[in-house]
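We count ligands from 1, going down the list as the structure has it; atoms in each ligand are counted the same way. The figures that follow rest on heavy atoms only: side chains count, while hydrogens, waters and symmetry mates do not.
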Amino acid sequence: MNSQLQNNDKMIRTRFAPSPTGFLHIGGARTALFNWLFARHHGGQFLLRIEDTDRARSTQAAIDAILDGLGWLGLDWDGEAISQFARAERHAEVAYALLERGHAFKCYCTTDEVQALRDEAFAAGRALRSPWRDRDPADAPADTPFTVRFKAPDSDVVLDDAVQGQVRWAAKEFDDLILLRSDGTPTYNLAVVVDDHDMEITHIVRGDDHLVNGARQSQIYDAMGWDKPVFAHVPLIHGQDGKKLSKRHGALGAEAYREMGYLPEGLRNYLLRLGWSHGDQELFSDAEAIAAFDLGGLNKAPARMDIDKLNHINAHHIGQADDARLTELVLPFLDTLEDRIDADDITRKRLMAAMPVLKTRASTLAELAGQNYFLLRPRPFVLEGKAAKPLKDDESRERLYRLFTHLGDVDTWTEAALSDALKEFAETEEVGFGKVGQPLRAALTGGAPAPDLALVMTFIGRDETLGRIQDQMTPIATA
Ligand code: GLU
């Protein structure tokens, strides 16, 4: 990174500045993550500013949705969240400071005049310039509403961007931007610059849909004689088809990923890799991500959403997660299963017992719940279709009866002892293991996916094992 892109002498301060839209957009979540990691990497601060100037959209519910999303993702911000709307007076103050410095002027054009000037400018291939920029303010008509406009400089606009490199625009591409509307309210780019300056933001990482805003904002910084932050405009996230991410591509909000059963650390790791790379390392713990994150690893090409990759990364984090935590997290997902399962102590105990094994096999909590179903489904099982097949004949059911007695004699209820007991039983019965295993599996799981039988028996315990066998072992009554 060249020296212009460094702000070494100050404490690093980044921010996330969402406009409340009703949910935390996945692209916004990634922006927040990058800013959070950069601040944490440098031992700096990560601030939150809610850009709530659109009063109709900025409801408390819409703001809470963003705060909840950030909270769930574990992206904690320093200090209180700042309201942009609440700072309108300060924004106006800076507009008047620009006026005093000769970088802004009062424009008395009517809406119709502005439209005519805009059409004329468009035809001439340039942006609008107001005639009032050069007029003597003494000529101002009395009692006429005015806007305060920025006097667009006549020089090219150059933005040194940490991701995009140096980007240049011709002066004629920028109009005399309105800073204050005729009702005195500030406009967007003014508010952002004033807030970022006052919040002492040193680095701004955000979507490249704000690149042109970055150019405009850098003009305002220059006019005020303020130090500019480092800008890093990251390409937006695209769908798997290469098009800009939209509803069509599925879930757009972080909360939808939560509902699908992704862990916050899984989504964080995935979003980190969506537009940032560090060699070919795919899996990151938080400590590793904080240690490795820098602006140099941000990619210039748009990243594509890839659910398979998300599943792969999330599976890794489920495998790493604490058993007791996973047990609590998986409970709400059990509700979506066929039978209602109570989140009681027995459920928790069985989940805890099985978790070390089962957590190595699931991509999401929803999948994990499905894989735990055999542990928890209520007795007696009604065996149907494929699941009923191994117990269709009397011979199998009678064998199951003998197995019930045999397993009842096992002293230590461990995987090894149970595994030996099953082998021994098959030998005594003089049958292949399948003739023992298949009926037993049917009785213990009712056809639900489950791991090795000895493991299943240790997970559910002696009483439940024998109980499930007992439910199925009665010989079929002949009609
Ligand atoms: N409020 C803007 C948005 O949600 C972000 C502005 C910025 O980061 O400067 O897109």
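For an aromatic pair to be called close, the ring centres must be under 6.0 Å apart, and Y108 with W132 satisfies this. For F293 and F34, the ring centers sit closer than 6.0 Å to each other. Between F38 and H203, the distance separating the two ring centers is shorter than 6.0 angstrom.
Neither the backbone nor the side chain of Q84 has a heavy atom within less than 4.0 Å of ligand 1. Proximity of F231 to ligand 1, defined as any heavy-atom pair under 4.0 Å, is not found for any part of the residue.
Set against the non-hydrogen atoms of R15, the atoms of ligand 1 under 4.0 Å away are 7 (C), 8 (O), 9 (O). Residue-ligand proximity, E51 to ligand 1, at heavy-atom distances under 4.0 Å covers atoms 1 (N), 2 (C), 5 (C), 6 (C). Every atom of ligand 1 with a heavy atom of R206 under 4.0 Å away is listed here by number and element: 7 (C), 8 (O), 9 (O).
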Q: Tell me, with the steps shown, if D195 and R87 meet salt bridge (charged side-chain N to carboxylate O under 4.0 Å, His left out).
A: CA-CA 8 Å; D195 290 347; R87 293 177 37 80; 2.5 Å; yes

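Residue contact annotation: Q217 has no non-hydrogen atom under 4.0 Å from ligand 1.
In this structure, R55 is positioned above the aromatic face of F85, its NZ or CZ under 6.0 Å from the six-membered ring centre and within 45° of the axis.
Protein heavy atom closest to atom 5 (C) of ligand 1, with residue, atom name and distance, is A17 O, 3.3 Å. Annotation: atom 10 (O) of ligand 1 to nearest protein heavy atom, H210 NE2, 2.9 Å. Distance from atom 6 (C) of ligand 1 to its nearest protein heavy atom, with residue and atom name: Y188 OH, 2.9 Å.
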Show me the side-chain donor-acceptor pairs of residues 61-72 shorter than 3.5 Å, one per line, residues at least two apart or across chains.
unit_1	atom_1	unit_2	atom_2	d
D64	OD1	Q60	NE2	3.0

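Between Y257 and Y262, the ring-plane angle classifies as tilted under the 30° and 60° cut-offs.
Remark: ligand 1 and S19 share an N or O pair separated by less than 3.5 Å (distance only, no angle test).
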